[in-house]
Amino acid sequence: MAAAPPPGTVLITGTTSGVGLHATKALVDRGWTVVTANRDPVRAAAAAESLGIASDNLHHLRIDLGDLDSVRAGVETLVSSLGRPLDALVINAAVYKPRLKQPERSPQGYELSMATNHLGHFLLIQLLLPDLERSTHPSRRVVILGTVTANSKELGGKIPIPAPADLGDLSGFAAGFKAPIAMASGKAFKPGKAYKDSKLCNMITTQELHRRLHASTGIVFTSLYPGCVADTPLFRNTPRLFQRIFPWFQKNITGGYVSQSLAGERVAQVVADPEFAVSGVHWSWGNRQKRGGRQFSQELSDKASNPETARKVWEYSRKLVELSPESVVKA
């Protein structure tokens with residue numbers, strides 16, 4: 001077995017609760033320094049303290065991923081204040097509001113699920129890639145959290161559900177994504193689907209980053225589905241009955257349930273362990289969720305892996321976050 005690389009410095013988005021908070025603990029316990037990126041750094045610090053995470057290895061950064069101006073300001077603050085380059089980046093934060101009747105909008109006018117989950121993260125990655133390239137860590141990585149509902153090749157993604165993830169012809173992207181447009185396909189707003197579409201974009205982004213940049217930069221680009229964390233605060237905007245039944249169903253019927261701490265540990269493994277240093281892989285544990293279950297490279301659906309779709313999502317996203325053709329990373 002290859003020796004584990006030395007602890008490094010990682011930025012994790014969305015650490016005030018859930019998987020991001022537990023991934024922070026797992027990495028700090030490994031000796032890593034963690035920069036947390038959240039709308040409320042005070043809340044992030046309190047959450048870390050409540051879990052007993054050593055504060056010596058923590059830095060808290062304010063970034064509102066739904067606001068592209070906040071992303072830019074946060075990156076400027078980070079690069080000027082940290083004093084060393086990042087070695088890894090974990091894209092974890094997400095908003096999920098399945099009960100909305102009308103779309104919420106970001107300060108730039110984009111539907112909020114896509115703005116936060118995809119566009120804000122897309123810009124963050126682009127702005128931090130030069131910093132990651134300056135790192136001398138032996139295993140630099142960008143790790144993106146995916147979802148089973150955006151991958152029909154996974155068992156959980158085969159279950160027929162209303163409004164599955166589907167970007168359609170990308171006409172919403174092409175038209176600029178502003179009101180009245182709220183969906184990638186340009187069709188009528190569906191709040192649950194808006195979340196799933198944004199997570200599909202996350203997984204597409206991982207594949208396109210690998211295709212464009214792994215060979216030239218040496219950075220490892222991967223995504224993962226750590227299992228169904230059915231009691232995470234991500235579901236706080238769902239009906240109360242769903243919040244009671246869903247964890248029971250995943251524990252007793254599907255076998256897909258994992259705890260927040262186990263999911264956080266799996267994220268830490270993908271960031272830090274040598275066996276995960278394989279770019280372009282979507283890691284999964286399937287329904288083998290008991291401790292000791294082994295990870296494997298999960299096949300992605302055509303919707304998540306089609307190179308032409310990925311190229312278009314990349315180019316449209318660069319325009320929406322206002323990156324010029326020559327800036328940061330060549331398109």
Side-chain angles (χ1 to χ4, degrees), residues 4-65 74 77-78 81-82 86-96 116-117 120-121 124 141-147 223-238 243-244 246-248 250-251 256-273 276 283 285 289-293 295:
T9 301
V10 57
L11 184 146
I12 305 177
T13 66
T15 71
T16 57
S17 63
V19 177
L21 176 61
H22 286 271
T24 298
K25 177 172 174 54
L27 283 162
V28 169
D29 287 349
R30 282 169 160 81
W32 280 66
T33 295
V34 177
V35 179
T36 75
N38 301 276
R39 288 178 295 177
D40 188 344
V42 174
R43 184 180 167 207
E49 183 178 1
S50 72
L51 208 60
I53 302 174
S55 60
D56 291 350
N57 282 24
L58 286 177
H59 300 270
H60 301 292
L61 181 68
R62 185 188 183 280
I63 289 183
D64 180 352
L65 287 156
T77 299
L78 174 68
S81 64
L82 188 59
L86 288 174
D87 304 307
L89 173 61
V90 175
I91 301 303
N92 166 72
V95 296
Y96 176 48
T116 303
N117 303 349
H121 278 130
L124 182 68
R141 303 183 194 181
V142 174
V143 176
I144 300 181
L145 274 287
T147 176
S223 56
L224 79 150
Y225 175 61
C228 185
V229 193
D231 51 8
T232 176
L234 177 69
F235 298 111
R236 60 184 171 272
N237 293 308
T238 59
Q243 293 179 46
R244 291 199 300 270
F246 188 54
W248 178 90
Q250 293 296 335
K251 290 175 182 178
Y257 173 84
V258 298
S259 66
Q260 295 178 41
S261 60
L262 179 55
E265 174 62 28
R266 288 175 172 174
V267 173
Q269 290 172 3
V270 178
V271 171
D273 291 359
F276 291 91
W283 296 105
W285 286 257
Q289 303 296 6
K290 295 181 180 179
R291 289 189 181 275
Q295 75 278 0

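This chain uses plain numbering: 1 for the first residue, then up along the sequence.
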With rounding to the nearest 0.5 angstrom, report the CG to CG distance, L124 to L78.
8.5 Å

Under 3.5 Å, is there a donor-acceptor pair linking the side chains of N38 and T15?
yes

In this structure, which one of V35, V271, L27 forms a side chain to side chain contact (heavy atoms under 4.5 Å, CB included) with I12?
L27

Indicate yes or no: at least one non-hydrogen side-chain atom of L61 is less than 4.5 angstrom from one of L82.
no

Without swapping roles, check the side chain of R266 against the backbone of P226 for a donor-acceptor pair under 3.5 Å.
yes

Restricting to non-hydrogen atoms, name the atom on V28 and the atom on A54 that form the minimum distance, rounded to 0.1 Å.
CG1-O, 4.1 Å

Flag the pair L65 / T13 as yes when at least one side-chain heavy-atom distance between them is below 4.5 Å, and no otherwise.
yes

Separation of T16 OG1 from D40 CG (nearest 0.5 Å):
8.0 Å

Taking all heavy atoms of W283 and all of V270, pick out the closest pair and write down the distance.
CD1-CG1, 3.9 Å

Kindly give the heavy-atom pair with the smallest separation between H60 and P41, and that separation in Å.
CB-CB, 4.0 Å

Can you measure from CD1 (I144) to CG (L224) and round to the nearest 0.5 angstrom?
10.0 Å

Which heavy-atom pair separates A26 from E265 by the least distance, and what is that distance?
CB-OE1, 3.7 Å

Per side chain to side chain contact (heavy atoms under 4.5 Å, CB included), L11 is matched among I91, L89, D87, V34 by L89

Testing L145, N92, L262 one by one against V267 for a side chain to side chain contact (heavy atoms under 4.5 Å, CB included), which residue passes?
L145

Non-hydrogen atoms of H121 and A93 that approach each other most closely:
CE1-O, 3.1 Å

Quick one: do V10 and T33 satisfy side-chain contact (heavy atoms from CB on, under 4.5 Å)? Show the steps, please.
CA-CA 6 Å; V10 57; T33 295; over 6 Å; no

Checking R39 against I63 for the side-chain contact (heavy atoms from CB on, under 4.5 Å) test, could you report, in this order, the C-alpha distance in whole Å, the side-chain angles of both residues, the deciding distance, and whether it holds?
CA-CA 5 Å; R39 288 178 295 177; I63 289 183; over 6 Å; no

Strictly by modelled atom types, are H22 and S261 linked by a side-chain donor-acceptor pair under 3.5 Å?
no

Taking all heavy atoms of F276 and all of Q269, pick out the closest pair and write down the distance.
CD1-O, 3.2 Å

